[in-house]
Amino acid sequence: MRYADLHQRSITDPNGFWMEQAQAIDWVKPPSKALFDENAPIYEWFNDGMVNTCWNALDRHVEAGRGEQVAVIHDSPVTNSITKLTYTEMRDRVAALAGALAAKGVTKGDRVIIYMPMVPEALMAMLACGRLGAIHSVVFGGFAAHELAVRINDAQPKCIIAASCGIEPGRVVAYKPLLDGAIMEANHKPDFCVVLQRAALEAELLDGRDHDWDVFVKGASPAECVPVEGNHPSYILYTSGTTGQPKGVIRATAGYLVALQWSMKNIYNVEPGEVFWTASDVGWVVGHSYICYGPLIAGSTTVVFEGKPVGTPDAGTFWRVISEHRVKSFFTAPTAFRAVKREDPKGEYVKKYDLSCLKTVYLAGERADPDTIHWAQQQLDVPVIDHWWQTETGWAIAANPMGFEPLPVKIGSPSVAMPGYDVQVLDEGGHPVGPGILGAIAIKLPLPPGTLPNLWNAEARFRKSYLEQFPGYYATGDAGYMDEDGYVYIMARTDDVINVAGHRLSTGAMEEVLASHPDVAECAVIGVSDELKGQLPLGFLCLNKGTTRDAADVVKDSVKLVRDQIGPVAAFKLAVVVDRLPKTRSGKILRATMVSIADGKEFKMPATIDDPAILDEIRTALQSLGYAQD
Ligand code: COA
Ligand code: AMP
């Protein structure tokens with residue numbers, strides 16, 4: 001069957017198509033049907049099946065005789081160590097952790113927050129939750145205590161599992177003070193915490209609340225896998241929206257298993273026993289799906305990499321890891337390749353390693369610029385596949401099905417819609433537009449299995465953010481077009497979300513933080529183009545009349561404030577004081593116009609602008625930071 005036929009069938013016969021795919025996972029009780037559309041436009045999948053994530057990711061491979069195969073390789077240049085864990089070892093350690101959690105009262109449906117760096121124990125914590133039917137929420141280590149507190153309040157975890165520290169090049173990040181600060185700030189308090197003590201920096205534990213991981217699991221009776229309903233939430237993953245309150249994306253259990261299993265062979269061309277490496281972080285959706293769940297569900301070997309593309313120790317790290325662990329498919333963000341390319345444009349490091357094992361490279365997380373793709377293709381001599389997805393979808397919306405039918409690569413496009421995604425480009429009135437015409441990219445409902453059924457504790461927000469703009473469609477928040485062959489081109493976001501080094505950030509959230517500064521009367525944050533990180537946030541600050549503080553001091557405060565409140569991951573280092581912000585006559589800040597000026601792009605003077613002269617002031621301010629060059 002050709003890919004186009006497969007896709008067509010997934011849209012016209014979703015029940016038949018997904019029930020067939022569902023046979024590739026183990027069920028405690030098979031579902032009677034795939035799609036549950038009784039509450040449309042809220043759709044769910046496989047509701048009446050019973051299933052367990054951890055069983056599918058670990059136990060079933062041990063039962064099938066793959067117990068001695070390596071499941072997880074932890075390659076950590078920052079601690080100078082490599083550790084390998086087999087499927088049997090993973091199962092036993094996860095069962096013990098789950099047993100210890102169960103003994104402390106964690107049961108199906110309880111939430112558990114995980115705040116850990118790139119160590120195998122992070123995967124064990126996720127899988128132990130899955131074993132019990134508990135709902136995990138992993139929080140990225142680069143977020144500050146306040147962001148963790150916001151998530152604690154929303155998810156109301158019974159337990160938090162953390163590590164004593166993370167290791168960034170040149171500094172050890174103490175996680176425990178951040179954890180303590182977050183718990184202090186949050187209104188909800190967890191019953192207990194489990195802390196993995198790392199040699200680089202051991203944490204002081206609070207008597208009665210904190211447990212040392214090693215002591216906690218010692219002697220625990222292993223827990224069995226608890227069957228859950230197909231639509232039971234397996235995790236909540238918070239992602240940036242347009243305000244400071246992140247959106248808690250829910251991932252339902254069975255659809256995710258089915259979709260990831262399908263994707264491993266058909267998109268990533270990885271078979272059981274082969275090695276798949278995603279260089280991202282478990283705190284992001286890419287890490288959930290393709291560091292932890294996807295490779296393990298498919299019975300392959302996953303690499304957990306604790307390092308950076310450059311500087312740990314050099315720009316050859318990626319190639320060393322690929323060569324040493326015989327990686328077949330490699331997935332990273334374009335920004336990581338840009339970092340390597342900047343240090344090694346001619347690919348001198350590439351030549352040092354035998355990369356014959358590498359068959360395909362996958363990029364996602366941000367727009368893949370043609371220069372980066374060309375460079376990677378030239379250096380590595382394998383197909384470099386861009387694919388497009390979001391935290392909300394959990395797996396690729398558009399990709400090239402390399403393991404099913406490799407399609408011609410069109411540089412600048414993440415290729416075509418994956419099964420179950422009826423991707424359409426709509427005009428402002430919600431009408432589909434023809435090939436080559438720019439519009440809002442929307443997906444006709446229902447979304448396929450694996451995608452979000454709802455937001456945690458926020459159904460009204462779910463409907464408003466995604467379903468109401470174009471009734472009958474899911475609004476992706478991305479704009480772009482499709483060509484005559486159905487290839488999608490993603491051009492920009494339609495909201496205030498920016499993409500910094502493949503990390504999705506909210507300018508609205510940063511504005512909320514800046515506005516809390518006592519000297520700031522008004523502010524705006526925009527995303528300006530950056531050669532390495534794709535975009536960088538830049539803040540404009542209008543100070544209160546009569547303030548005596550020096551503008552430079554307020555700028556310095558504002559940078560510190562965002563780092564302390566949101567975290568270093570926001571990479572907020574650029575801000576400038578201006579007298580006024582450009583606005584429409586109705587008072588809307590003209591952020592898009594400021595972005596065009598900053599990036600030196602031509603723009604049309606907005607007809608509704610209140611005072612065009614302000615744009616010259618903005619240009620001068622941007623030039624003082626090295627932007628808005630002709
Ligand atoms: N814990 C604590 N701090 C963290 C962190 C973590 N897990 N991850 C990043 N940070 C910090 C960094 O140390 C940096 O701090 P600094 O301002 O003191 O230098 C800050 O957050 C910004 O980090 P980052 O955006 O990663 O920039 P960088 O300069 O450290 O590295 C790249 C640049 C391009 C090498 C890096 O961004 C990268 O590898 N990106 C890959 C993107 C990716 O995997 N995205 C996931 C989606 S697929
Ligand atoms: P996140 O939820 O953090 O994965 O971010 C999702 C957003 O990143 C998308 O809505 C896009 O704006 C952007 N994005 C992800 N992958 C791509 C891609 N391949 N091309 C263009 N933009 C992408």
Side-chain angles (χ1 to χ4, degrees), residues 78 115-118 122 139-144 163 165-175 178 237-241 247 249 278-291 305-312 315 317-318 331-343 362-369 373 385-394 396-399 412-415 441 452 475-480 488-495 497-505 530-536 559 562-563 566-573:
V78 295
Y115 188 54
M116 298 182 91
M118 286 292 287
V139 179
F140 178 60
F143 281 122
C165 67
I167 300 160
E168 285 292 291
R171 79 194 152 105
V172 172
V173 182
Y175 277 24
L178 297 171
L237 180 54
Y238 289 91
T239 188
S240 299
K247 294 169 171 170
V249 167
T278 299
S280 176
D281 189 286
V282 281
W284 306 116
V285 66
V286 170
H288 280 64
S289 296
Y290 294 112
I291 294 172
F305 173 68
E306 191 180 17
K308 299 269 173 175
V310 293
T312 58
T317 305
F318 276 179
F331 178 177
T332 190
T335 187
F337 273 175
R338 288 196 295 270
V340 175
K341 177 177 162 223
R342 196 164 72 167
E343 294 215 350
Y362 296 84
L363 296 177
E366 58 175 322
R367 187 176 151 71
D369 53 295
I373 296 193
I385 304 299
D386 180 17
H387 62 324
W388 166 58
W389 46 303
Q390 313 180 308
T391 305
E392 288 85 344
T393 66
I397 307 168
S413 167
S415 302
I441 309 190
L452 85 172
T476 65
D478 285 316
V488 182
Y489 293 76
I490 310 297
M491 306 310 286
R493 287 289 300 190
T494 56
D495 54 16
V497 164
I498 60 171
N499 199 312
V500 179
H503 309 317
R504 172 167 159 185
L505 298 168
D530 181 72
E531 254 184 35
L532 174 65
K533 297 196 177 187
Q535 282 183 302
L536 278 180
V559 169
V562 175
R563 193 174 172 96
I566 297 181
V569 65
F572 182 83
K573 292 182 179 163

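Numbers here are sequence positions counted from 1. One-based numbering, in listed order, for ligands and for the atoms of each.
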* Heavy-atom distance to atom 23 (C) of ligand 2: which of Met491, His387, Glu366 wins? ->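 Nearest option to atom 23 (C) of ligand 2, by heavy atoms: Glu366.
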* Do Glu392 and ligand 2 have an N or O pair less than 3.5 Å apart? -> no
* Below 3.5 angstrom, do we get any N/O pair linking Arg493 and ligand 2? -> yes
Heavy-atom check, side chain of [X] versus side chain of [Y], under 4.5 Å:
| X | Y | answer |
| --- | --- | --- |
| Leu178 | Tyr115 | yes |
| Asp478 | Arg493 | yes |
| Leu237 | Thr239 | no |
| Leu363 | Phe337 | yes |
| Trp388 | Ile441 | yes |
| Pro117 | Tyr175 | yes |

Which atoms of ligand 2 sit under 4.0 Å from any heavy atom of [X]?
| X | answer |
| --- | --- |
| Ile490 | 21 (C), 22 (N) |
| Thr391 | 1 (P), 2 (O), 3 (O), 4 (O) |
| Asp386 | 18 (C), 19 (N) |

* To do: Have a look at ligand 2 and work out which part of Trp284, if any, has a heavy atom under 4.0 Å from it: side chain, backbone, both or neither.
  =>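 No part of Trp284 is near ligand 2 at this cut-off.
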* Heavy atom under 4.0 Å from ligand 2: found in Asn499's side chain, backbone, both, or neither? -> side chain
Provide, to 0.1 Å, the distance between [atom] and the closest protein heavy atom, together with that atom's residue and name.
| atom | result |
| --- | --- |
| atom 6 (C) of ligand 2 | Trp389 O, 3.5 Å |
| atom 16 (N) of ligand 2 | Gly365 N, 3.1 Å |
| atom 9 (C) of ligand 2 | Asp478 OD2, 3.3 Å |
| atom 3 (O) of ligand 2 | Arg504 CB, 3.2 Å |

* Applying a strict 4.0 Å limit to heavy atoms, is Gly477 in contact with ligand 2? -> no
* Asked: Would you call Arg504 and Glu392 a salt bridge, taking side-chain N to carboxylate O under 4.0 Å as the test?
  -> yes
Is there a donor-acceptor pair under 3.5 Å between the side chain of [X] and the backbone N or O of [Y]?
| X | Y | answer |
| --- | --- | --- |
| His503 | Asn499 | no |
| Thr494 | Ala479 | no |
| Arg338 | Glu531 | yes |

* To do: With sequence neighbours left out, write down each residue that passes side-chain hydrogen bond (donor to acceptor under 3.5 Å, both in side chains) with Arg367, or none if nothing qualifies.
  =>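 Scan of Arg367 (side-chain hydrogen bond (donor to acceptor under 3.5 Å, both in side chains), adjacent residues dropped) gives none.
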* To do: List, ordered by chain and residue number, the protein residues whose closest non-hydrogen atom lies under 4.0 Å from any atom of ligand 1.
  => Phe140, Gly141, Gly142, Glu168, Arg171, Val173, Tyr175, Ala279, Ser280, Trp284, Val286, Lys308, Pro309, Ala333, Thr335, Ala364, Ala501, Gly502, His503, Lys533, Arg563, Pro568, Val569, Lys573
* From Trp389, Trp284, Tyr362, residue fulfilling ring pair (Phe, Tyr, Trp, His ring centres under 6.0 Å) relative to Tyr290 -> Trp389
